[in-house]
Amino acid sequence: MAPGDLSHMLARKSLSDLYRIRETVDRLITDRESGEGVVEERRSGSRTYRLELVYCGKGCRGCPHGPYWYCYWKEGGRTRSRYIGKILPKEAMQI
Ligand SMILES: [Zn+2]
C-alpha cells in the first residue's frame with residue numbers, strides 16, 4: 001500500500017476511529033518489537049527470517065493468524081521487512 005493511499009483512507013475516518021487505530025498500531029508495534037509471537041527465527045547473512053503469529057487487533061475469533069514467515073533486513077539504517085507466507089522456500093534463504 002502506498003503511503004498516500006493510507007493517509008487518504010485514514011483522513012475519512014472519525015476521530016474516535018483514529019484513536020482506536022492508533023492504539024491498535026501501538027500494540028502491534030510493541031508486540032513486534034518485544035518479539036512476542038515469534039515462533040522461529042533463522043539467520044541468513046544480513047537477513048533474519050522470522051515465523052510469527054499475527055494478532056490482527058480486530059478481536060476476531062481467528063487470532064492469532066498464521067504463523068507466517070517474514071524477512072527482516074537493514075537498508076539505509078532502517079529495518080525493512082517483507083511478508084513471505086506460510087512456507088519459507090529454500091530459495092528465500094539464498095537471497
Ligand atoms: Zn484476527
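What's counted below: heavy atoms across the whole structure, side chains too, no hydrogens, waters or symmetry copies. For ligands, and for the atoms within them, numbers begin at 1 and follow the listed sequence.
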Might you work through the side chain to side chain contact (heavy atoms under 4.5 Å, CB included) test for Tyr72 and Glu41, ending with a clear yes or no?
-> CA-CA 11 Å; Tyr72 293 87; Glu41 191 171 289; over 6 Å; no

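In this structure the side chain of Glu40 never reaches within 4.5 angstrom of the side chain of Leu88, judged on heavy atoms. Considering only heavy atoms from C-beta on, Arg50 stays 4.5 Å or farther from Ser81 through its side chain.
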Counting only pairs under 3.5 Å, give me each side-chain donor-acceptor contact of residues 7-14, with atom names and distances, residues two or more places apart or in other chains.
residue	atom	partner	partner atom	Å
Ser7	OG	Pro3	O	3.4
Ser7	OG	Gly4	O	3.2
Ser14	OG	Ser16	OG	3.3
Ser14	OG	Asp17	N	3.2

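Partners of Tyr70 by ring pair (Phe, Tyr, Trp, His ring centres under 6.0 Å), not counting sequence neighbours, listed by chain and number: Tyr83.
For the Zn ion (ligand 1), protein N/O/S neighbours under 2.8 Å (waters excluded) are Cys56 SG, Cys60 SG, Cys63 SG, His65 NE2.
As a member of the Ile/Leu/Val/Met/Phe/Trp/Tyr network built from side-chain separations under 4.5 Å, Ile87 groups with nothing else and remains a singleton.
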